[in-house]
Amino acid sequence: MNLKNGPLGHLKILDFSTLLPGPYATMLLADMGAQVLRIESPTRPDLLKEMPPKHGDYSYAHLCINRNKRSLAIDLKADKAKEIIIKLLKDYDILIEQFRPGVMAKFGLSYTELSKINPKLIYCSITGYGQTGPYKDRAGHDINYLALAGLASYGGRKSSGPTLSATQVADLAGGSHQAVMSIQAAVIARQTSGLGQHLDVSICDSTFSLNSLFGAAALASGKDPDYEDQLLNGGSYYDYYRTSDNRYLSVGALEKKFAEQFFAAINKPQWLVRLQ
């Protein structure tokens with residue numbers, strides 16, 4: 001699909017990432033027209049490629065998330081790898097990587113080194129815990145970031161504790177979306193300064209910011225949120241309810257006028273008291 005006429009058609013991106021946060025970010029950018037070249041390792045498999053179900057030898061998930069992108073296999077440990085990347089930087093002035101802190105530097109591909117070659121380079125590093133700090137070298141997954149960020153402490157049921165979401169909230173909202181917003185902001189800044197910058201996206205830190213709604217209330221009240229005790233986490237008529245035919249009904253009874261109509265329709269007008 002040719003999307004060069006899209007709003008980001010002037011952007012050219014080298015993508016060194018695998019799995020979900022980085023590839024989903026470049027998927028969004030590519031969908032808006034950015035020209036993305038994935039740098040794939042010929043020796044280190046991308047686990048997303050192995051996720052079932054598959055279309056022949058290809059994972060449907062991998063095909064979906066890497067749509068509208070081109071790819072180039074380069075072994076970054078090879079002697080000429082750095083030389084190839086430097087040549088690519090003449091055309092590609094945005095780079096996304098998802099290695100542990102320090103790994104790109106071992107390959108001679110740190111922001112410090114590459115920005116000397118291309119001062120306009122926008123270099124986005126996506127990691128679990130950021131480039132600095134006591135957790136920077138720790139491994140982690142979406143579920144770990146949700147727990148450390150505090151979201152798991154009130155997203156669940158009193159009877160059973162925290163529950164898993166159907167998608168990777170931390171990886172996407174804390175990683176992919178933050179990367180896309182940061183890159184676009186850096187592009188705007190570059191139009192004025194003529195310079196690129198290093199973007200340090202910490203998935204865990206960014207996920208912590210998702211507490212802003214309940215966090216503000218906790219600071220004001222001095223009471224931490226708990227399972228099913230807030231307006232939007234099952235503490236009111238904003239929840240999923242099992243029906244008599246063993247299906248589920250989503251109810252978002254927040255506005256009084258809509259709640260009145262709904263409770264009247266199911267012959268439970270007395271339930272409105274809980275919202276007052």
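All values below come from the heavy atoms of this structure, side chains included, with hydrogens, waters and symmetry mates left out.
By the 4.5 Å heavy-atom criterion applied to side chains, Y237 and F262 are not counted as neighbours. Within the 4.5 Å cutoff, the side chain of I203 has no heavy atoms near those of the T127 side chain. Residues L72 and L88 are in side-chain contact: their nearest non-hydrogen atoms beyond the backbone lie under 4.5 Å apart. Side-chain contact between L151 and T207 is present, with at least one heavy-atom pair separated by less than 4.5 Å. Side-chain contact between L249 and Y240: absent, with no pair of heavy atoms (C-beta onward) separated by less than 4.5 Å. Between E260 and L272 there is a side-chain heavy-atom pair separated by less than 4.5 Å. Under the 4.5 Å side-chain criterion, counting only non-hydrogen atoms from C-beta, Y227 is not in contact with S159. Side-chain contact check for R38 versus F16: every heavy-atom pair is 4.5 Å or farther apart.
Looking only at distances, no side-chain donor or acceptor of S236 sits under 3.5 Å from a matching main-chain atom of Y238. A side-chain donor-acceptor contact under 3.5 Å links S209 to the backbone of S206. Looking at D142, its side chain does come within 3.5 Å of a backbone N or O of D171 through a donor-acceptor pair. Judged purely by atom type and a 3.5 angstrom limit, Q35 uses its side chain to pair as donor or acceptor with the backbone of G9. A donor-acceptor contact shorter than 3.5 Å links the side chain of S176 to the backbone of P21. Side-chain N or O atoms of D46 include one that pairs as donor or acceptor with a backbone N or O of L19 at under 3.5 Å. Within the 3.5 Å criterion, the main-chain N or O of V169 finds no donor-acceptor partner in the side chain of T167. Within the 3.5 Å criterion, the main-chain N or O of H141 finds a donor-acceptor partner in the side chain of N144. Judged by distance alone, the side chain of N233 and the main-chain N or O of Q230 form a donor-acceptor pair under 3.5 Å.
A 6.0 Å sphere centred on NZ of K106 holds no more than 12 heavy atoms belonging to other residues, nucleotides or ligands. Remark: F107 CZ is packed, more than 12 non-hydrogen atoms of other residues, nucleotides or ligands lying under 6.0 Å away. Within 6.0 Å of the NZ atom in K158, the count of heavy atoms belonging to other residues, nucleotides or ligands exceeds 12.
Of all non-hydrogen atoms in A81 and I74, the two that sit nearest each other are CB-CG2, 3.9 Å. For the residue pair Q197 and A189, the shortest heavy atom distance occurs at NE2-CB, 4.0 Å. Among all heavy-atom pairs drawn from M27 and I65, the shortest one is CB-O, 3.2 Å. Contact detail for C204 and A149: the closest heavy-atom pair is O-CB, 4.1 Å. Taking both residues in full, the closest heavy atoms of G130 and P101 are given as O-CG, 3.5 Å, listed atom of the first, atom of the second, then distance. The heavy-atom pair separating S115 from T112 by the smallest distance is OG-O, 3.2 Å.
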*For the pair L76 and F99, evaluate side chain to side chain contact (heavy atoms under 4.5 Å, CB included) and give the outcome as yes or no after the intermediate values.*
CA-CA 12 Å; L76 296 181; F99 292 106; 4.1 Å; yes
*CA sep, side-chain torsions, deciding dist, call: V36, L14, side chain to side chain contact (heavy atoms under 4.5 Å, CB included)*: CA-CA 6 Å; V36 177; L14 290 179; over 6 Å; no
_From CA spacing to verdict: side chain to side chain contact (heavy atoms under 4.5 Å, CB included), F208, L148_ = CA-CA 8 Å; F208 181 80; L148 283 169; over 6 Å; no
*What's the verdict on side chain to side chain contact (heavy atoms under 4.5 Å, CB included) for E40 and R44, showing C-alpha distance, side-chain angles and the deciding distance?*
CA-CA 8 Å; E40 299 192 33; R44 185 172 64 95; over 6 Å; no
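Of the N and O atoms on the side chains of Y248 and R242, at least one donor lies less than 3.5 Å from an acceptor on the other residue.
A salt bridge is absent between D57 and K49: the closest approach of a Lys/Arg side-chain nitrogen to an acidic carboxylate oxygen does not fall below 4.0 angstrom.
Residue pairs meeting the side-chain hydrogen bond (donor to acceptor under 3.5 Å, both in side chains) criterion with at least one partner in residues 87-99, sequence neighbours excluded, are R70-Y92, D93-R190, E97-S125. For residues 145-155, every residue pair satisfying the side-chain hydrogen bond (donor to acceptor under 3.5 Å, both in side chains) rule, not counting sequence neighbours, is listed here: Y154-N211. Listed by first and then second residue, the side-chain hydrogen bond (donor to acceptor under 3.5 Å, both in side chains) pairs that reach into residues 17-29 are D15-S17, D15-T26, T26-K69, sequence neighbours excluded. Here ring pair (Phe, Tyr, Trp, His ring centres under 6.0 Å) pairs that include residues 64-91, with residues two or more places apart or in two chains, number zero.
By the rule that hydrophobic residues join a cluster once side-chain heavy atoms approach within less than 4.5 Å of another member, V187 and L95 end up as members of separate clusters. By the criterion of side-chain heavy atoms lying less than 4.5 angstrom apart, applied directly or through intervening Ile, Leu, Val, Met, Phe, Trp or Tyr residues, L29 is grouped together with L48 in one hydrophobic cluster. Placement of M32 and L172 within a single hydrophobic cluster is found when ILVMFWY residues are connected by side-chain heavy-atom separations under 4.5 Å, directly or transitively. Clustering ILVMFWY residues whenever any of their side-chain heavy atoms sit less than 4.5 angstrom apart, transitively, puts I84 in the very cluster that holds L114. Grouping the Ile, Leu, Val, Met, Phe, Trp and Tyr side chains by contacts below 4.5 angstrom, directly or via other members, places M51 apart from I143.
Interatomic distance, NE2 of H198 versus OG of S110, reported as 8.5 Å (0.5 Å rounding). Here the OH-NZ distance, from Y129 to K136, works out to 14.0 Å after rounding to the nearest 0.5 Å. The CD1 atom of I13 sits 5.5 Å away from atom CD1 of I96, with the distance rounded to the nearest 0.5 Å. Taken to the nearest 0.5 Å, the OG atom of S193 stands 12.0 Å off from the CD1 atom of I188. Note that the CG atom of L231 and the CZ atom of F214 stand 7.5 Å from one another [nearest 0.5 Å]. Note that the CD atom of Q261 and the CD atom of E255 stand 11.0 Å from one another [nearest 0.5 Å].
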Distance-only donor-acceptor hits, side chain of residues 179-186, under 3.5 Å, sequence neighbours excluded:
| residue | atom | partner | partner atom | Å |
| --- | --- | --- | --- | --- |
| S182 | OG | Q178 | O | 2.7 |

Please report, to 0.1 Å, the donor-acceptor pairs under 3.5 Å made by any side chain of residues 116-123, with sequence neighbours excluded.
| residue | atom | partner | partner atom | Å |
| --- | --- | --- | --- | --- |
| N118 | OD1 | K120 | N | 3.0 |
| N118 | ND2 | L89 | O | 3.1 |
| Y123 | OH | L109 | O | 2.8 |

